[in-house]
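Naming convention: chains lettered A, B, ... in sequence-line order (proteins, then strands); numbering from 1 in each chain.
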Amino acid sequence: MTDTPKNEAQDAAEKPDYKDTVFLPKTAFPMKAGLANKEPAILERWENIGLYQKLRESRKEAEKFILHDGPPYANGNIHIGHALNKTLKDLVVRSQSLLGKDAPYVPGWDCHGLPIEWKIEEQYRKKKRNKDEVPPSEFRAECREYADKWVDVQREEFKRLGVMGEWDKPYLTMDYHAEATIVSELLKFAESGQLYRGAKPVMWSPVEKTALAEAEVEYEEITSTQIDVAFEITAAPNAPKLQELIDAGEKIHAVIWTTTPWTIPVNQALAYGADIEYGLVEAINVEELKGKKFFIARKLLSAFNERLDKQYDTRVLLNGIVMLQGSELAGAMAKHPMADKFPDSDFYNKPRPFLNGSSFVTTEAGTGLVHMAPDHGEDDFTLCKANGINPVFAVDGDGVYREDWAWLPRGDERAGSVINKKFTAKDGPICSDLRETGALLSAADDFQHSYPHSWRSKAKIIYRCTPQWFVPMDRSTQEGDETLRQKAVKAIADTRFVPEKGRNRISSMVEGRPDWVLSRQRAWGVPIALFLDRKTGNYLNDSAVNARIIEAFKTGGADAWFNADHQEFLGDAYNLDDYDIVTDILDVWFDSGCTHVFTLESDIWPSQSWKADLYLEGSDQHRGWFQSSLLESCGTRGEAPYKALLTHGFTMDKNGKKMSKSLGNTIDPKKIINVNGADILRLWAASVDYTEDHRIGDEILKGVTDTYRKLRNTFRYMLGGLSDFDESERIDPSDMPELERYILHRLALVDAQLKEHINNFAFGPYMRTLSSFAQDDLSAFFFDIRKDCLYCDAPSDPKRRAYRSAMDILFHALTRYIAPVLVFTAEEIWQSRFPDDNDSIHLKVWPEIDAAWQDDALNDKWAFIREARVAVTEAIEPLRRDKIIRSSLEAEVQYPLQDLPISSEEFTELCIVADLTDGALSVTKTEHYKCGRCWRLLPEVSEDGDLCGRCEDVIYG
RNA sequence: GGGCCGGUAGCUCAGUUGGUUAGAGCGCACCCCUGAUAAGGGUGAGGUCGCAAGUUCAAAUCUUGCUCGGCCCA
């Protein structure tokens, strides 16, 4: 079993066993953590002693640090992204609190919105109920209940992560007081003239007669009718070659191609690409096309030709006439193909301008000229709007042209829904009419492409302009005032960004964003509580009315708007018959943009105050919450609701790929908590560089667990070494040996670094500084050297007392340092040494480091000594490998003593070797015998197993 | 397709205004200890700094292109 020589074994048997006289570390603190089991009990204890309230009490007079929580959506279990986000917030809150500040944390939830509406609708579908037949108040009540349920679930999950906060009183965007605040903020925008009614194309389902969100849309392959339509060019002032021909009476036609023939009746303009090359061609061998000249992008000529070939069932020969650059089309005008057919229609007889659409017009497909229907496309809408062309709302909600429309109006026997395949087919009414006027160059019902459909009805959807409410970005409320955009840009400049690159990102977004669309045609949200004057179309702006609305919301929530007697809001001054009631609800981003108002400014949470010191969210929130809060606050208060913004990246799988259910590479935080413990997940969050995208996976978690184990054992060793430590034993640092003073100096440096990291929210560097101090300075150096002293010196020995006193200082400091990260372990450690039912490590403040501990001269000296020590250990290694010596205690070292700033005795101890003599660095095996108690090999020991002088003194006094 | 961000040992990260042989911790391999013991100590092997070109006496670092990945838009 062992190769121990027989005589040695016999000798050992004859010598007394001194083990019981050695002062080994004693602790009940287990090496194995068992966090998954232990953590829930610790949580329960915190709850029982009211830790959060105790902490508030103890920081009552302290400087505040307000981290305002960005609300997660109350739907579904938490995922790894939530875990990272909430952990980082908790790290900030706890570390600021550790620094002595009062850092309350009020968590919140985002409760309104589409996803919850869907869930309820889905339940209705299962029960075969029709949503439209359910009273809005009932529907909304079910949404509320659903959100409540998920708030409860997520709350438990967050608590289990060790996140400390006011969980009993979170903020919910659906709380009545919140809804009242949201509507009151909206009315501030209204009262200050920062609200207008405009139009915008939205995805619309003619079957459900409702607007759809992106997520309600699915794409499917379908076959559509593709047509080429000729628009006669009537003027081209910047294209002399064209203008000449026009003046000469030639018929020149711009050719456009579309797969939505139903948009031709609503065409209002044509778009070209300024850098695209165009050519004018004529068809020379087809009777129907004779005498016409076609204008088209050169690159797309052959594709156009093929369509003509098919149309006329022959090889159509096209003859080029002139070429020109797209930019020459500036100022050109065309005529709608139906102009002559409807001579009384102003709409069809207005000239169609050529607009510069370089940002979206390509030569990938079509003709390089795009027909613009601002009612039915985003590019169309934006470009037309910029050129003063407004939508005409020709298509009704059910997809039929409105009654008073000139071409194919509702009521016409050929009228139909624009998503009806027959209506748009090559033989349908649109194509037939165009053909009659000679404008239809080709039509084929054969174009396959993917097209959006309603997720619910599976019917085709269209883009359709609808009236919406907007907050203007570039309007001054009063002469000389800054616009919202200007205020927001300024507020960004006044904000601290961690990391700094976030500033750039949100700036460019705010600088370029369009007006804020506030309205949604939905049910589950805060209504845009406005009265529209039927005659003028303006909203009623009366603060007395608004005050009544806000009051009603406070007591009855947003339902007040849907259930109320609206005349009561209006009072005696107005007659309800003169007004339309707006039933749109607010964009949920407006809700969340108001959280700073109803949380920080509310008296419900006296601990909170405006403005927040920090908002902390994922980088996607530059467009989301950071921005909605910024715009809301700038619109109502003229400045940002936060002093600093911290953004984190996203958590990827072990290969750096995004996690998704379909890839099956998601990692469930709950699983990590239940297997490894929340402290491991927290340590992971504190280790990665959260400012970038970062990874998680088994290997990474194993590394985190290893780091944790090392740390835990360092604490376990300290707990053992400090068992029964008594105040009477304490020695003042100024009286300690140099080694202790050097370590306290290191502690002072580390302490300063850690503090700086905390104030930069740099948790990765924080943990690395801490771990490497525990590993390199303590475990591998200080503790290793002082093991002999701790185990074998007399308890009254000043050296041992000094060591234990230093260790006590380290213990107090280190337990505090790890507390914000390893919240459970820190408590376990603390309670293990200082059991107290009413106490907690999390009530403590940052350790006090005596400025006198820092001693740079000592540092330089000991840096040199440590290098010498490394040289010695390196020199020992070959002998160990050759089995000449085993323990370093058997090594006798020669070292040039004149180089050493300390005595050879001290250096012997530091190197944990037998003896040290002067000479060039070399190592041999010592001749000395081993003390039976302390195992050191010393000249005074005459035989293995005998006691050395020190040990004899310790045992026999 | 556009804007912004990133790619350094197996893993997590350092790497200052370009300047010796690109570092640390963990892991791994080997050794020691068996009185921190499912611990502790020591030594060592690992890198074309995503790829390519350019600027320069000198590039992980500056420039350009490409590539891979991410967020936000379209």
[atom1]-based separation of [M] from [N] [nearest Å]:
{"N": "B:A59", "M": "B:G19", "atom1": "P", "value": "11 Å"}
{"N": "B:U17", "M": "B:A29", "atom1": "C1'", "value": "41 Å"}
{"N": "B:C72", "M": "B:G54", "atom1": "C1'", "value": "32 Å"}
{"N": "B:G25", "M": "B:G40", "atom1": "P", "value": "15 Å"}
{"N": "B:A9", "M": "B:G15", "atom1": "C1'", "value": "14 Å"}
{"N": "B:G6", "M": "B:G47", "atom1": "P", "value": "27 Å"}
{"N": "B:C11", "M": "B:U34", "atom1": "P", "value": "37 Å"}
{"N": "B:C62", "M": "B:C57", "atom1": "C1'", "value": "16 Å"}

If you compare every side-chain N and O of [X] against the phosphate oxygens of [N] (OP1, OP2), does one of them come in below 4.0 Å?
{"X": "A:S779", "N": "B:G41", "value": "yes"}
{"X": "A:K19", "N": "B:G35", "value": "yes"}
{"X": "A:Y791", "N": "B:A36", "value": "yes"}
{"X": "A:K32", "N": "B:A39", "value": "no"}
{"X": "A:R716", "N": "B:A39", "value": "no"}
{"X": "A:Q621", "N": "B:C72", "value": "no"}

Mark yes when over 12 heavy atoms from residues, nucleotides or ligands other than A:K654 sit less than 6.0 Å from its NZ; otherwise mark no.
no

Inspect the surroundings of CG in A:N655 and state if more than 12 heavy atoms from other residues, nucleotides or ligands are less than 6.0 Å away.
yes

Tell me what [X] touches on the nucleic acid: a base, only sugar-phosphate, or nothing, going by heavy atoms under 4.0 Å.
{"X": "A:G656", "value": "sugar-phosphate"}
{"X": "A:S887", "value": "sugar-phosphate"}
{"X": "A:S687", "value": "sugar-phosphate"}
{"X": "A:D706", "value": "sugar-phosphate"}
{"X": "A:W684", "value": "nothing"}
{"X": "A:R933", "value": "base"}

Could you go through residues 20-27 of chain A and list every donor-acceptor pair under 3.5 Å that involves a side-chain atom there, pairing it with any protein atom two or more places apart or in another chain?
| from | atom 1 | to | atom 2 | distance (Å) |
| --- | --- | --- | --- | --- |
| A:T21 | OG1 | A:Y18 | O | 2.7 |
| A:T21 | OG1 | A:R933 | NE | 2.8 |
| A:T27 | OG1 | A:F29 | N | 2.9 |

Taking only the side-chain heavy atoms of [X] (C-beta and beyond), determine which of [options] contains the nearest atom.
{"X": "A:A780", "options": "B:C13, B:C72, B:G42", "value": "B:G42"}
{"X": "A:E378", "options": "B:A74, B:C26, B:C5", "value": "B:A74"}
{"X": "A:R886", "options": "B:C33, B:G70, B:G42", "value": "B:C33"}
{"X": "A:R768", "options": "B:C13, B:C5, B:G42", "value": "B:C13"}
{"X": "A:D620", "options": "B:G69, B:U12, B:C72", "value": "B:C72"}
{"X": "A:Q775", "options": "B:U12, B:C5, B:C26", "value": "B:C26"}
{"X": "A:V870", "options": "B:C11, B:G27, B:U43", "value": "B:U43"}

Quick test of your reading of the model: are [X] and [Y] salt-bridged, counting only N-O distances below 4.0 Å?
{"X": "A:R804", "Y": "A:D793", "answer": "no"}
{"X": "A:K799", "Y": "A:D788", "answer": "no"}
{"X": "A:D698", "Y": "A:K702", "answer": "no"}

Identify, between A:W935 and A:V688, the residue whose nearest nucleotide on RNA chain B lies closer to the 5' end.
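The residue whose closest nucleotide sits nearer the 5' end is A:V688.
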
5'-most by nearest nucleotide on RNA chain B - A:K654 or A:Y717:
A:K654

Between [atom2] of [N] and [atom1] of [X], the distance in whole Å:
{"X": "A:K657", "N": "B:G70", "atom1": "NZ", "atom2": "P", "value": "7 Å"}
{"X": "A:R623", "N": "B:G3", "atom1": "CZ", "atom2": "P", "value": "15 Å"}
{"X": "A:D693", "N": "B:C4", "atom1": "CG", "atom2": "P", "value": "17 Å"}
{"X": "A:E692", "N": "B:G70", "atom1": "CD", "atom2": "C1'", "value": "9 Å"}
{"X": "A:M718", "N": "B:A39", "atom1": "CE", "atom2": "P", "value": "18 Å"}

Give every pair of a protein N or O atom and an N or O atom of nucleotides 29-31 of chain B that lie under 3.5 Å apart, one pair per line with the distance.
| from | atom 1 | to | atom 2 | distance (Å) |
| --- | --- | --- | --- | --- |
| B:C31 | O3' | A:K883 | NZ | 3.0 |

With distance as the sole criterion, is a donor-acceptor pair present between the side chains of [X] and [Y] under 3.5 Å?
{"X": "A:S922", "Y": "A:Q894", "answer": "yes"}
{"X": "A:H694", "Y": "A:T651", "answer": "yes"}
{"X": "A:W516", "Y": "A:D587", "answer": "yes"}

Once ring pair (Phe, Tyr, Trp, His ring centres under 6.0 Å) is applied, do any residues pair with A:F381, and if so which ones, sequence neighbours excluded?
none

Between the side-chain atoms of A:R505 and the base atoms of B:C71, is any donor-acceptor pair under 3.5 Å?
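Indeed, a donor on one side and an acceptor on the other fall under 3.5 Å apart.
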
Salt bridge (Lys or Arg N to Asp or Glu O under 4.0 Å) filter on A:K755, not counting sequence neighbours, yields none

State the syn/anti category of B:G46 according to its glycosidic angle, syn meaning within 90° of 0.
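Here B:G46 takes the syn form, which means its glycosidic angle is within 90° of 0.
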
For the CG atom of A:D784 and the OG atom of A:S888, what is their distance to the nearest 0.5 Å?
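Interatomic distance, A:D784 CG to A:S888 OG, rounded to 0.5 Å: 8.0 Å.
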
Selection residues 710-719 of chain A - residue pairs positive for salt bridge (charged side-chain N to carboxylate O under 4.0 Å, His left out), sequence neighbours left out
A:R712-A:E828

Fill in the dot-bracket string of RNA chain B, one character per base: . for unpaired, | for a pair to another strand, ( ) or [ ] for pairs within the strand, taking Watson-Crick or G-U pairs under 3.5 Å.
(((((((..((((.....[...)))).(((((.......))))).....(((((..]....)))))))))))).

